[in-house]
Amino acid sequence: MKSALEIILRTIHLGDARQVVTLGIDGKDFARDFLLDLLKHDRNRFESIRTRIRAISNHPHYENKLTFRHVGEGVFEFKRPGIRLYAFYDEIDDHRALILCINGGLKGKGQSKDIRHAQSLKSVYFQAKSRSDTVLKIE
């Protein structure tokens with residue numbers, strides 16, 4: 001891993017129990033890009049996933065196979081018809097408990113690849129977070 005990574009967590013919702021953010025690493029924020037593309041091209045699906053984010057963020061720990069389920073290696077998926085948004089839990093210093101959204105995709109074709117990508121991004125995040133030269137910002 002190269003030195004001095006920059007991690008930017010952008011808040012997309014502040015629930016009663018958890019703050020939901022997107023994870024940006026060195027200028028790449030796959031979840032944010034996915035959500036903005038969804039908003040631009042399919043407002044109904046965007047609103048559907050936003051409703052799911054709001055509901056789940058009101059619980060300290062939430063899992064439901066129909067709406068938010070574990071897909072392996074600590075990665076969960078927000079499930080809505082035809083779309084998936086992948087995330088994991090973390091806590092940082094004085095900040096509320098976090099749900100970090102890492103990437104998204106369409107259900108079906110490519111879904112396994114999206115899950116592996118999410119697991120890889122989670123691993124990169126925790127490796128970078130443990131380094132003293134990593135810059136971490138929460139917006």
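Just so it is clear, the values below take in all heavy atoms, side chains as well, and ignore hydrogens, waters and symmetry mates.
Leu98 and Val124 fall within the same hydrophobic cluster, where Ile, Leu, Val, Met, Phe, Trp and Tyr residues are linked whenever their side-chain heavy atoms come under 4.5 Å apart, directly or through other members. In the hydrophobic cluster analysis, where Ile, Leu, Val, Met, Phe, Trp and Tyr join through side-chain heavy atoms closer than 4.5 angstrom, Ile49 is grouped together with Ile56. Ile138 and Val135 are assigned to two separate hydrophobic clusters, defined by single-linkage of ILVMFWY side chains at heavy-atom distances under 4.5 Å. With hydrophobic clusters built from ILVMFWY side chains whose heavy atoms lie under 4.5 angstrom apart, Val20 shares a cluster with Ile83.
With rounding to the nearest 0.5 Å, the separation of CG in Leu35 from CD1 in Ile12 is 5.5 Å. Residue Leu100 holds its CG atom at 6.5 Å from CD1 of Ile92, rounded to the nearest 0.5 Å. Taken from CG in Leu5 to NZ in Lys129, the straight-line distance is 14.5 Å, to the nearest 0.5 Å. Remark: Gln19 CD to Leu9 CG distance equals 8.5 Å, nearest 0.5 Å. Note that CD1 of Ile25 is 11.0 Å distant from CD1 of Ile8, once rounded to the nearest 0.5 Å. In this structure, the separation between NZ on Lys113 and CD1 on Ile115 is 13.5 Å, given to the nearest 0.5 Å.
Taking 4.5 Å as the limit, every side-chain heavy atom of Ser120 sits out of range of all side-chain heavy atoms of Arg116. In this structure, Leu85 and Ile53 have side chains that are in contact, with non-hydrogen atoms separated by less than 4.5 Å. Counting heavy atoms from C-beta outward, Tyr86 and Leu121 have side chains that stay 4.5 Å or more apart.
Taking both residues in full, the closest heavy atoms of Arg45 and Gly82 are given as NH2-CA, 3.9 Å, listed atom of the first, atom of the second, then distance. Residues Lys79 and Leu66 come closest through the heavy atom pair CB-O, 3.8 Å. Contact record, Ile102 with Phe30: O-CB, 3.4 Å, taken as the closest heavy-atom pair. In this structure, Gln127 and Ser130 approach most closely via the heavy-atom pair O-OG, 2.8 Å.
One N or O on the side chain of Asn58 and one on the backbone of Asp16 form a donor-acceptor pair closer than 3.5 Å. Not a single donor-acceptor pair under 3.5 Å links the side chain of Thr22 to the backbone N or O of Ala31. Looking only at distances, a side-chain donor or acceptor of Asn103 sits under 3.5 Å from a matching main-chain atom of Asp114. A donor-acceptor pair under 3.5 Å links the side-chain atoms of Arg18 to the main chain of Pro60, judged by distance alone. Looking only at distances, a side-chain donor or acceptor of Gln119 sits under 3.5 Å from a matching main-chain atom of Gly72. When atom types are taken as modelled, the side chain of Thr11 and the backbone of Val21 share no donor-acceptor pair closer than 3.5 angstrom.
Using cut-offs of 30° and 60° for the angle between ring planes, the Tyr62 and Phe68 rings count as tilted. The aromatic rings of Tyr89 and Phe76 sit perpendicular, their planes meeting at an angle over 60°, well past the 30° parallel limit.
Remark: Arg32 does not engage Asp29 in a salt bridge, criterion side-chain N to carboxylate O under 4.0 Å.
Of the candidates Arg84, Arg69, Arg52, Arg50, Arg52 is the only one forming a side chain to side chain contact (heavy atoms under 4.5 Å, CB included) with Phe78.
Looking only at atom types and distance, the side chain of Arg80 has a donor-acceptor partner in the side chain of Ser48 under 3.5 Å away.
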